[in-house]
Amino acid sequence: TAGGAPQLTANYNVSSLGDDGTGHVQVNWATDFSAGNVYCVSATPNGNASNNRIAVVDGLASASSVDVFISTHDGTETDADFSVIAFGDQ
């Protein structure tokens, strides 16, 4: 997503990405989870430590998608490449 619309580089159960604004990406699952509140998601920005970016996953995930927010350490939202993983019942 660095500098533009989000793009998938690998899509293990990800059907698409939504560009919801600077630093805000909606990850849409190809196969829904059984419920929105019973799966675990983790995201991390790609790059090296000098990028000083953090990824936050919205705790209100739905069965079909989750929102990921990328920002710098000072809280400025920024577009950046990231990885996401999810575990749960589908």
Side-chain angles (χ1 to χ4, degrees):
T1 64
Q7 296 181 5
L8 289 170
T9 56
N11 64 339
Y12 304 103
N13 195 40
V14 175
S15 62
S16 64
L17 299 174
D19 186 359
D20 291 347
T22 301
H24 181 189
V25 177
Q26 181 179 21
V27 178
N28 299 299
W29 307 123
T31 301
D32 291 356
F33 286 88
S34 60
N37 61 348
V38 295
Y39 67 99
C40 178
V41 181
S42 179
T44 185
N46 298 345
N48 59 39
S50 66
N51 290 339
N52 294 323
R53 295 186 183 121
I54 58 173
V56 176
V57 176
D58 187 340
L60 300 175
S62 73
S64 61
S65 68
V66 66
D67 290 330
V68 176
F69 298 89
I70 307 293
S71 65
T72 60
H73 284 263
D74 68 3
T76 304
E77 291 181 345
T78 184
D79 289 331
D81 295 332
F82 67 93
S83 298
V84 64
I85 189 169
F87 300 94
D89 182 51
Q90 292 182 297

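Everything quoted here is computed from the prediction, not taken from an experiment.
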Working note: F33 + V41, criterion side chain to side chain contact (heavy atoms under 4.5 Å, CB included); need CA distance, chi angles, decisive distance, verdict. CA-CA 11 Å; F33 286 88; V41 181; over 6 Å; no
Trace of the side chain to side chain contact (heavy atoms under 4.5 Å, CB included) decision for I70 with V25: CA-CA 8 Å; I70 307 293; V25 177; 5.9 Å; no
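Closest of all the heavy-atom pairs between P6 and D19 is CD-CB, 3.4 Å. Scanning all heavy atoms of the two residues, the minimum distance from D79 to G23 falls at OD1-N, 2.9 Å. Contact detail for H73 and R53: the closest heavy-atom pair is CD2-N, 3.8 Å. The shortest non-hydrogen separation linking P45 to A55 is CD-CB, 3.6 Å.
Here S64 pairs with S62 under the side chain to side chain donor-acceptor pair (under 3.5 Å) rule; sequence neighbours left out. Considering only residues two or more places apart in sequence or on other chains, T22 meets the side chain to side chain donor-acceptor pair (under 3.5 Å) condition with none of them.
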Solution key, residues 83-90 side-chain donor-acceptor pairs under 3.5 Å, sequence neighbours excluded:
from : atom 1 : to  : atom 2 : distance (Å)
S83  : OG     : N46 : OD1    : 3.0
D89  : OD2    : S34 : OG     : 3.3
Q90  : NE2    : T31 : O      : 2.7

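If you check the side chains of S15 and N28, you find no donor sitting under 3.5 Å from an acceptor.
V68 and L8 fall within the same hydrophobic cluster, where Ile, Leu, Val, Met, Phe, Trp and Tyr residues are linked whenever their side-chain heavy atoms come under 4.5 Å apart, directly or through other members. If you chain together hydrophobic residues whose side chains sit under 4.5 Å apart, L17 and V66 fall into the same group.
Atoms CG and OG, from N11 and S16 in turn, are 10.0 Å apart once rounded to the nearest 0.5 Å. In this structure, OG1 in T78 is found 11.5 Å from CD1 in I54, a value given to the nearest 0.5 Å. Atom OG1 of T44 sits about 11.5 Å away from atom CG of D81, to the nearest 0.5 Å. To the nearest 0.5 Å, atoms CG (D67) and CD (Q26) are separated by 5.5 Å.
The aromatic rings of W29 and Y39 sit perpendicular, their planes meeting at an angle over 60°, well past the 30° parallel limit.
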